[in-house]
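Report on the following structure.
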Amino acid sequence: DAKTTQPTSMDCAEGRAANLPCNHSTISGNEYVYWYRQIHSQGPQYIIHGLKNNETNEMASLIITEDRKSSTLILPHATLRDTAVYYCIVSTSGSRLTFGEGTQLTVNP
Amino acid sequence: GAGVSQSPSNKVTEKGKDVELRCDPISGHTALYWYRQSLGQGLEFLIYFQGNSAPDKSGLPSDRFSAERTGGSVSTLTIQRTQQEDSAVYLCASSISSGRGQETQYFGPGTRLLVL
């Protein structure tokens with residue numbers, strides 16, 4: 001599976017959009033981009049995934065560049081409960097997930 | 001609907017004892033994964049089941065670790081002769097395996113194992 005690079009930490013003001021970047025320059029054509037988050041002491045929570053097109057669901061939006069070498073997870077209106085470690089993972093469907101260090105997002109009041 | 005459940009939530013054991021950790025996947029999910037997360041570390045893959053078969057056991061750290069799945073549903077991870085370095089959160093995930101891709105894994109809350 002392709003490796004990903006994410007910033008170690010980010011801060012965001014409550015109510016503002018949180019934009020979390022991820023680089024995956026070695027992604028293969030059949031690999032999806034998945035985003036999970038882990039709130040302290042809980043199991044990882046699935047957020048969103050995509051292959052080529054931008055995706056949106058009730059939690060977030062995923063913007064994937066045309067060359068697929070990077071992506072951005074957008075939380076449109078961050079709340080204090082969005083404070084968590086966010087993981088960007090690229091993987092072929094139906095295989096193990098390789099978690100990196102992720103980005104610690106802190107939403108401040 | 002019900003998510004992935006794991007039991008026990010917490011387990012404290014003495015070094016050298018055997019432990020069994022249980023995972024109940026989402027109903028209808030044929031794929032099941034075990035991961036572990038040591039304190040302050042990332043998630044580490046252990047084993048993957050497709051139905052009752054385990055085509056990928058490559059993440060099991062030693063022969064003290066084993067897992068089985070029966071009836072294509074419940075899975076048990078067994079650690080024999082536990083060591084202090086086995087202390088970690090053990091996480092289970094399941095996904096539907098439709099063969100059409102986009103097989104998102106959904107995680108349970110984990111079992112926190114402490115070996116004294």
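Just so it is clear: chains get the letters A, B, ... in the order the sequence lines come, proteins before strands, and each one is counted from 1.
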Report summary line: Contacts of B:Glu44 meeting salt bridge (charged side-chain N to carboxylate O under 4.0 Å, His left out) (sequence neighbours excluded), chain-then-number -> B:Arg36
Query raised in the report: Using 30° and 60° as the class limits, which term best fits the ring planes of A:Phe99 and B:Tyr35: parallel, tilted or perpendicular?
Result: perpendicular
Query raised in the report: Between B:Tyr106 and B:His29, what is the ring plane arrangement, given parallel below 30°, perpendicular above 60°, and tilted in between?
Result: tilted
Requested in this report: Side chain from CB out, backbone as N, CA, C, O: work out which of these in A:Gln42 comes under 4.5 Å of a heavy atom of chain B, or both, or neither.
Outcome: backbone
Query raised in the report: Quick one: what part of A:Gln45 sits under 4.5 Å from any heavy atom of chain B, side chain, backbone, both or neither?
Result: neither
**Report entry** B:Leu91, part contacting chain A, at a heavy-atom distance under 4.5 Å
**Finding:** side chain
Query raised in the report: Contact part of B:Gln37 toward chain A, heavy-atom cut-off under 4.5 Å: side chain, backbone, both or neither?
Result: side chain
Requested in this report: With sequence neighbours excluded, give me every side-chain hydrogen bond (donor to acceptor under 3.5 Å, both in side chains) pair touching residues 58-70 of chain B.
Outcome: A:Arg96-B:Ser58, B:Asp56-B:Ser58, B:Arg64-B:Asp86
